[in-house]
Peer 1: 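Have a look at this one before I ask anything.
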Amino acid sequence: MDAFFAAVEQQRRPELRGKPVVVGGDGNPHRRGVVSTASYEARAYGIHSAMPLRTAYKKCPKAIFLPVDFRAYGEFSRRIITILREYTLLVEPMSMDEAFLDVSGRSEDPPALAEEIRRRINDETGLTASIGIGPNKLLAKIASGLRKPDAVTEITADGSAETLRDLPSIVLWGIGPKTAARLEESLRVRTIGDLCAISLESLQELLGPRHGEYLYRICRGRDDSPVITEWEPKSLSRETTYQQDTRRRETIVGTLTSLSGEVAADLRQEGYVGRTVTVKIRYHNFKTHTRALTLPESTGDHQRILQTAVALLDRFTMDRPVRLVGVRVSGLTRPPEGEPQTAPPAGESVDGRRDAKDGESWSD
DNA sequence: TCTGGGGTCCTTATCCTC
DNA sequence: TCTGGAGGATAAGGACCC
């Protein structure tokens, strides 16, 4: 979808159409937060995703700044996914605004099919989409970004080498700013064509065996990854950035309490328990550290997660102001049939003996 | 001076067991 | 008893994606 969050806001509030709209944070450009999505009108001022809201405000003070309304965007997303599933059940949602479709089982001409899907999304939601067609996910994804907005673009197997050759290496999945810089500095690689000229061994020496081999394949347009219609999460987490850095332990413990509760609620809702608890601390200078502990058994219980998180907090040096605190639970599994995913509320413990033996009182 | 939040995967180091 | 791997689990950090 093109500028999805901003486009939804402009769709449901017609007075915003044609104006620079910036969606991000809590909608206050004087507080901490970054741009999630900028409308095309806002992009004309140099505003883009991941830019600090304060910076965006300096570039265009008259832009309309709005908070992120995930619920509203999720509704549009579901409507779009429903349309897509009419064409194939092999739909892999990548995020709220992006999905892969495997239409190799359909007989239509792919561009005609894509054009029909693009038109139906527009008719039924008022939003524009850009669709890429390719012999694999990698090339379809690149194609979708070549012409935006509201376009259908195809990369064929035969034409892929020529199409890719002069594109900057950073358009490839898995090459970000750091890797692009390393490739340029060490190997004078700037385009995908440059990358194709580098030996497998050189790439692996620079970037490691896995990443090197991966880049060697994708710069040639090779990708055999399947369209995955559903997958299991590996971790669930919550984190928050303070509006002002803090060094008060009570404040941080309070934050850990609410974050742990939110993670526990997510675990319960999604039907998982997890074994490893990780606490993340970002200091005022943006240095970010984690401390993790793997428990003897999985849990989804708020108090157990919180107790572990507080113990982990004590392993950080609290000599600098903190700007972000996070809690993550990983090593997720489905709890065994018939067992509660979380401890029952205080006074209803079914497992009091173990609590007493361990000397742990986390029933309150 | 500024730099969100929710994820995944990889690399490296360390410890432990066989 | 000592030594050296192999290999799994855990922990920490980093790059990347949307």
Peer 1: Looking across every strand, which nucleic acid part, if any, lies under 4.0 Å from A:R328 by heavy atom: base, sugar-phosphate, or nothing?
Peer 2: nothing
Peer 1: Give A:R31 one of three labels, base, sugar-phosphate or nothing, depending on what nucleic acid heavy atoms sit under 4.0 Å from its own.
Peer 2: nothing
Peer 1: What's the closest nucleotide to the side chain of A:L324 if the choices are B:dT3, B:dG5, B:dT11?
Peer 2: B:dG5
Peer 1: Under 4.0 Å from OP1 or OP2 of C:dA12: is there any side-chain N or O of A:T290 that close?
Peer 2: no
Peer 1: Indicate whether the side chain of A:Y272 and that of A:E232 have a donor and an acceptor atom separated by less than 3.5 Å.
Peer 2: yes
Peer 1: How would you label the contact of A:T240 with the nucleic acid (heavy atoms, under 4.0 Å): base, sugar-phosphate, or nothing?
Peer 2: sugar-phosphate
Peer 1: State, to 0.1 Å, how close A:D150 and A:D2 come at their nearest heavy-atom pair, and which atoms those are.
Peer 2: N-OD2, 2.9 Å
Peer 1: Please pick, from C:dA12, B:dG6, B:dG4, the nucleotide with the shortest atom-to-atom distance to any side-chain atom of A:R315.
Peer 2: C:dA12
Peer 1: Tell me which nucleotide among B:dG6, B:dG4, B:dG5 gets nearest to the side chain of A:S36.
Peer 2: B:dG4
Peer 1: Under a 4.0 Å threshold between the charged nitrogen and the carboxylate oxygen, would A:R217 count as salt-bridged to A:E213?
Peer 2: yes
Peer 1: Can you tell me if the side-chain N/O atoms of A:H289 get under 4.0 Å from OP1 or OP2 in C:dA12?
Peer 2: no
Peer 1: I want to verify a distance call: between B:dG7, C:dT10, B:dT3, whose nearest atom is closest to the A:R323 side chain?
Peer 2: B:dT3
Peer 1: Between A:S235 and B:dG7, is there a side-chain N or O to OP1/OP2 distance below 4.0 Å?
Peer 2: no
Peer 1: Look at all strands and tell whether A:P209 reaches a base, only sugar-phosphate, or nothing, counting heavy atoms closer than 4.0 Å.
Peer 2: sugar-phosphate
Peer 1: Does NZ or CZ of A:R106 lie under 6.0 Å from the centre of the six-membered ring of A:Y87, at an angle within 45° of the ring axis?
Peer 2: no
Peer 1: Side chain of A:R54 only, heavy atoms from C-beta on: which candidate in B:dG6, B:dT3, B:dC9 is closest?
Peer 2: B:dT3
Peer 1: So which protein N/O to nucleotides 15-18 of chain C N/O distances come out below 3.5 Å?
Peer 2:
{"from": "C:dA15", "atom 1": "O3'", "to": "A:T179", "atom 2": "OG1", "distance (Å)": "3.3"}
{"from": "C:dC16", "atom 1": "OP1", "to": "A:G176", "atom 2": "N", "distance (Å)": "2.8"}
{"from": "C:dC16", "atom 1": "OP1", "to": "A:G176", "atom 2": "O", "distance (Å)": "3.3"}
{"from": "C:dC16", "atom 1": "OP1", "to": "A:T179", "atom 2": "N", "distance (Å)": "2.7"}
{"from": "C:dC16", "atom 1": "OP1", "to": "A:T179", "atom 2": "OG1", "distance (Å)": "2.4"}
{"from": "C:dC16", "atom 1": "OP2", "to": "A:K178", "atom 2": "N", "distance (Å)": "3.0"}
{"from": "C:dC16", "atom 1": "O5'", "to": "A:G176", "atom 2": "N", "distance (Å)": "3.4"}
{"from": "C:dC17", "atom 1": "OP1", "to": "A:G174", "atom 2": "N", "distance (Å)": "3.1"}
{"from": "C:dC17", "atom 1": "OP1", "to": "A:I175", "atom 2": "O", "distance (Å)": "3.3"}
{"from": "C:dC18", "atom 1": "OP1", "to": "A:K141", "atom 2": "NZ", "distance (Å)": "2.6"}
{"from": "C:dC18", "atom 1": "O3'", "to": "A:S95", "atom 2": "OG", "distance (Å)": "2.4"}
{"from": "C:dC18", "atom 1": "O3'", "to": "A:D97", "atom 2": "OD1", "distance (Å)": "3.2"}

Peer 1: May I ask you to evaluate whether A:R291 reaches the phosphate of C:dA11, defined as a side-chain N or O under 4.0 Å from OP1 or OP2?
Peer 2: no
Peer 1: Measure the acute angle between the ring planes of A:Y73 and A:F5, then classify it against the limits of 30° and 60° as parallel, tilted or perpendicular.
Peer 2: parallel
Peer 1: Within the structure shown, what part of the strands sits under 4.0 Å from A:R182 by heavy-atom distance: base, sugar-phosphate, or nothing?
Peer 2: nothing
Peer 1: Classify A:G33 by what it touches in the nucleic acid, base, sugar-phosphate, or nothing, heavy-atom distance under 4.0 Å.
Peer 2: sugar-phosphate
Peer 1: Can you tell which of B:dT3, B:dG7, B:dG4 lies closest to the side chain of A:T241?
Peer 2: B:dG4
Peer 1: Compute whether any side-chain donor of one residue and acceptor of the other, for A:T191 and A:D166, lie under 3.5 angstrom apart.
Peer 2: no
Peer 1: Consider only side-chain N and O atoms of A:D223 and A:S225, and report whether a donor and an acceptor are under 3.5 Å apart.
Peer 2: yes
Peer 1: Looking for any heavy atom pair under 4.0 Å, which part of the strands does A:T55 touch: base, sugar-phosphate only, or nothing?
Peer 2: nothing
